[in-house]
Structure formats: structure tokens, C-alpha cells
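Data first, discussion second: the structure below is written as C-alpha cells.
Remember, predicted model here, so these are calculated numbers, not experimental data.
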Protein chains: 2
Amino acid sequence: MFQVPAKTQYAIRALVHLARNGSDSAARIAEAQKISPKYLEGILNQLKLSGLVASDRGRSGGYRLAKDSESIAMIEVVRATEGEIRPVECVDRANLCALGDLCMPRKFWIGLKDAVNSYLSSVSLADLAEDSAFAFHANPSDEGE
Amino acid sequence: MFQVPAKTQYAIRALVHLARNGSDSAARIAEAQKISPKYLEGILNQLKLSGLVASDRGRSGGYRLAKDSESIAMIEVVRATEGEIRPVECVDRANLCALGDLCMPRKFWIGLKDAVNSYLSSVSLADLAEDSAFAFHANPSDEGE
DNA sequence: CGATATTCCTAGTATTCCCATAGGATATTA
DNA sequence: TAATATCCTATGGGAATACTAGGAATATCG
Ligand code: FES
Ligand code: FES
């Protein structure tokens, strides 16, 4: 349920790279971050369509962040690569369910969505790019396998 | 990233059914909850191995909750069907990481895992079973839009 | 006992999604 | 104009998911 697709991990690594290095071509990002070059091209294009990066074509072109890394919330990155957080279809389509708001499982999934959205909104790209400043939640993560 | 598999949704519906109806056979749960009967059998067996339900074989056998619904946290259900919450491999295996600054997002994923675990631990099966009868929407495969 | 109802076990299949690759078209500039 | 880059479309392999199938083991009831 919560396995993060490679695409999203690649997008994050690429954005962190841009946040640190300013501007670079897809080929060089792929090389530095050990990502399949042609695959990364498509990902960067998707990030562009979502307004997270800007691009310049031609000989001295490349990609750069479209906004300051402080103002890019990680939820925007996830939305760019995977779309809206939606554990089950009915979370934003109450008409699929006979009881709508009274449907307890639906409320349960909405609560999960809210928890995830809340966390992803609270972390910015800058937090990941300046790892010294980033402190993760101190909740117990004791569970074994 | 957060699409919940049908298997987990089925498991939840089956458990809510048991919480409300006390005890029932796989076939009748499947019928009432509109779940593929043979598929549900395997799911219930998985829930048994995880200690969430108990079963009796033979003519008047069936499944029942192994604990009070108040003491079944939803995270146990998710773990039973999908295993440990693990956004990326390295969250509980730091030794996998031999990549220098490529691994920096690890704290970020751990924070996400904690946020999800925290929410799923805060909701019990009883919270979902409390309302009066309700209708779940159709199986994922039935959606006709 | 014997018919019946149930869980339990194993294997197979169809489909969908994910990851990656390939080949080029278009744009910019040194 | 040659080189470098983004942009576009199509496709295939592999893994996971959702289900299907058949039957073996077990318990109950008449
Ligand atoms: S609409 Fe999804 S559970 Fe009711
Ligand atoms: S591989 Fe994920 S933190 Fe290093």
C-alpha cells in the first residue's frame, strides 16, 4: 500500500539535485543520480507540466527549479508524479457510496489521506536539500518484520 | 503511492462484517459483502495466520474475531494483508545505503511511515463497525464509469 | 455411517501497472 | 551548420494483483 514508486523517488532525487546544483541537463542529472536517462527525461517533463521546474531547449539548455526550494512542498512533487492522494476511489466521490458521509470506512480512508497530505505538506524540498536542517518525526518506528 | 489494494479493502469489510454479525462462514460473508468467494477464503486464512480471526472447520464452522473489535487496531489489518509499512526499502535497512548523498531522503520517508503508522494505530476495528448497517460500493472491478 | 458443510491447501491464469528503452522530431546556440 | 538539448510517441519485459479452479482435510448432523 505504501511502496513509493521508483518514478517518485527519481523525481525527488532530481529535484534535490537541482536545488543543490542550480541548473543541469537531464543527461547529467541522470548520470549523477544513477537514473535511467531516457526514463528521467519523461519524469522531468512531467515535473515541468506541473510547474515545478522550468526548461530551456537547445545547446545550452537544461532544467532548473521554477520556484524556490522553500516554496516547493513535497506533496506537490508526489502529485506531479502520481496524481492526487486517493486511498480508495470513493474518498472524493461520495456518490459511489450508498450512505455517503455516513459510510465509516470512507471516513477512515479520508482520515488516512488527510494524515498523509498533512505530512507531505509540512516538508519542503529545501528540507531535503539541506539535510542538516531536516529533523523527522520522533514517533516510535519500532515495528519489526 | 496510496492506492489501497482490493485485498485490504476486502479484509476490512470482512472484519467489519464479523464485528457486527459475530460469526459467519466465508461464503456468507462473501455474499453479503459482494466479494469473490474463493478470493475471500484466502484473505480470511491470512487474517487467521495473523491472529485477527479464529476459525472452526466442519459443518457448522466459520470465522469469528479472535479479539474484541476495540483491541484490533487497523494497522494490524493492514500488516496482515500487506506486511510492514515501508515506503522505500531502506527505511528499516540503513545498510542498503551505499550511495552517499543519494540516500538523504531516507529521513523523509521514515517521517512518512511514522505519520501513517500513527494514524492507523489510532483507529480500531470497532470505530469502523459502530455505525448501523451501510452499503459498500461495488467491487473495484465493477466500476462502470 | 454417510451426506453435507465448512476450512484449508496448491496451482494456474488473465490483466494491469511499472520501469525502461528506442527512435526520432523540434528547438537553441556556439 | 553542427552540436546539444528538450520534447513526443510507441513498445516490450517483468512483476504484482485479482481472481479462478479443484480438491483435501475436518467437523457436524441425520
Ligand atoms: S463509498 Fe467507499 S466505503 Fe462507502
Ligand atoms: S538507499 Fe534510501 S537512504 Fe540510502
Side-chain angles (χ1 to χ4, degrees), chain A residues 1-14 18 23-66 78 81-83 86-89, chain B residues 1-14 18 23-66 78 81-83 86-89 138-143:
Chain A
M1 167 155 64
F2 295 102
Q3 179 78 12
V4 177
K7 180 195 267 188
T8 299
Q9 299 184 48
Y10 295 161
I12 292 174
R13 302 225 302 256
L18 289 177
S23 174
D24 216 343
S25 73
R28 278 190 297 272
I29 298 173
E31 154 96 39
Q33 297 292 323
K34 303 286 193 299
I35 303 171
S36 164
K38 288 297 251 180
Y39 192 39
L40 181 62
E41 274 188 31
I43 295 171
L44 285 166
N45 197 269
Q46 230 175 322
L47 294 175
K48 184 198 173 179
L49 293 176
S50 298
L52 295 181
V53 304
S55 64
D56 295 298
R57 302 223 272 196
R59 182 157 181 173
S60 55
Y63 291 92
R64 55 198 150 76
L65 295 184
V78 171
T81 58
E82 305 178 43
R86 184 183 300 150
V88 295
E89 284 296 319
Chain B
M1 167 155 63
F2 294 104
Q3 179 77 13
V4 178
K7 181 196 267 189
T8 299
Q9 299 184 48
Y10 294 162
I12 292 174
R13 282 170 31 194
L18 288 178
S23 175
D24 216 342
S25 73
R28 278 189 298 273
I29 298 173
E31 151 110 58
Q33 296 293 322
K34 303 288 193 300
I35 302 172
S36 165
K38 288 298 251 178
Y39 192 39
L40 180 62
E41 274 188 29
I43 294 170
L44 286 166
N45 197 268
Q46 228 175 322
L47 294 176
K48 184 198 174 179
L49 293 177
S50 298
L52 296 181
V53 304
S55 64
D56 296 299
R57 301 224 271 197
R59 179 156 180 172
S60 56
Y63 292 93
R64 55 200 150 75
L65 295 184
V78 171
T81 58
E82 305 179 42
R86 184 183 300 149
V88 296
E89 282 298 318
N139 295 346
S141 51
D142 288 347
E143 296 171 0

Which pair of heavy atoms, one from B:Pro37 and one from B:Ala30, lies closest together, and at what distance? CA-CB, 3.7 Å

What is the distance from CG of B:Leu44 to C1' of D:dC19, rounded to the nearest Å? 15 Å

Among D:dT6, C:dC8, D:dC19, the one nearest A:Ser25 by side-chain distance: D:dT6

For the CD1 atom of B:Ile43 and the OG1 atom of B:Thr8, what is their distance to the nearest 0.5 Å? 8.0 Å

Taking the side chain from B:Glu41 and the backbone from B:Ala26, do they hold a donor-acceptor pair closer than 3.5 Å? no

Of all heavy-atom pairs between B:Ala14 and B:Leu40, which one has the smallest distance, and what is that distance? CB-CD1, 4.1 Å

Write down the distance between CG (B:Leu47) and C1' (C:dC8), rounded to a whole number of angstrom. 14 Å

Smallest heavy-atom separation, A:Lys7 atom then A:Gln46 atom, equals NZ-OE1, 3.2 Å

Closest contact, heavy atoms only, A:Asp24 versus A:Arg28: OD1-NE, 2.6 Å

Calculate the interatomic distance between A:Gln3 atom CD and D:dA16 atom P; express it in whole Å. 9 Å

Select one nucleotide: of C:dA22, D:dG23, C:dA5, the one nearest the side-chain heavy atoms of B:Arg59. C:dA5

Contact under 4.0 Å: B:Lys48 side-chain N or O vs C:dC8 OP1/OP2: yes

Can a side chain N or O of A:Tyr10 be found less than 4.0 Å away from OP1 or OP2 on C:dA20? yes

Looking at the side chain of B:Ala6, which of C:dC9, D:dC7, D:dA18 is the nearest nucleotide? D:dA18

What contact category does A:Gly42 fall into here, base, sugar-phosphate, or nothing, at under 4.0 angstrom with non-hydrogen atoms? nothing

Just compare C:dC9, C:dT21, D:dT20 and give me whichever is closest to any side-chain atom of B:Glu41. C:dC9

Taking only the side-chain heavy atoms of A:Lys38 (C-beta and beyond), determine which of C:dC9, C:dC19, C:dG23 contains the nearest atom. C:dG23

Between C:dT21 atom C1' and A:Ile43 atom CD1, what is the distance in whole Å? 13 Å

Can you work out whether B:Ser60 or A:Pro5 has the more 5'-proximal nearest nucleotide on DNA chain C? B:Ser60

Rounded to whole Å, CD of A:Gln46 lies from P of D:dC7 at a distance of 13 Å

For A:Val4 and B:Asp24, take the nucleotide of DNA chain C holding the closest heavy atom to each; which residue's nucleotide lies nearer the 5' end? B:Asp24

Give me the distances for all protein-to-nucleotides 10-12 of chain C N/O pairs that come in under 3.5 Å?
none

Side-chain N or O of B:Ser36 less than 4.0 angstrom from OP1 or OP2 on D:dT20? yes

Atom CD of A:Glu89 and atom CD of B:Gln3: how far apart are they, to the nearest 0.5 Å? 6.0 Å

Does a nitrogen or oxygen in the side chain of A:Arg28 sit under 4.0 Å from OP1 or OP2 of D:dA5? yes

Selection residues 48-58 of chain A - residue pairs positive for side chain to side chain donor-acceptor pair (under 3.5 Å), sequence neighbours left out: A:Lys48-A:Ser55, A:Asp56-A:Arg64

Have a look at A:Ala26 and say if it touches a base, only the backbone sugar-phosphate, or nothing, with a 4.0 Å heavy-atom cut-off. sugar-phosphate

As an exercise, state the distance from CD of B:Gln33 to CD1 of B:Ile12, rounded to the nearest 0.5 Å. 11.5 Å

Could you state the atom-to-atom distance from NZ of B:Lys7 to P of D:dC19 in whole Å? 11 Å

Nearest heavy-atom contact between A:Gln9 and A:Val4 is NE2-O, 3.0 Å

If only side-chain N and O atoms of B:Tyr63 are considered, is one of them under 4.0 Å from the OP1 or OP2 phosphate oxygen of C:dC8? yes

Atom of B:Ile29, atom of B:Leu44 and distance for their closest heavy-atom approach: CD1-CD1, 4.3 Å

For atom OH of A:Tyr39 and atom C1' of D:dT9, their distance in whole Å: 16 Å

Calculate the interatomic distance between B:Gln9 atom CD and D:dT17 atom P; express it in whole Å. 14 Å

Go through residues 49-57 of chain B and report each residue with a non-hydrogen atom lying under 4.0 Å from DNA chain C, sorted by number. B:Ser55, B:Asp56, B:Arg57

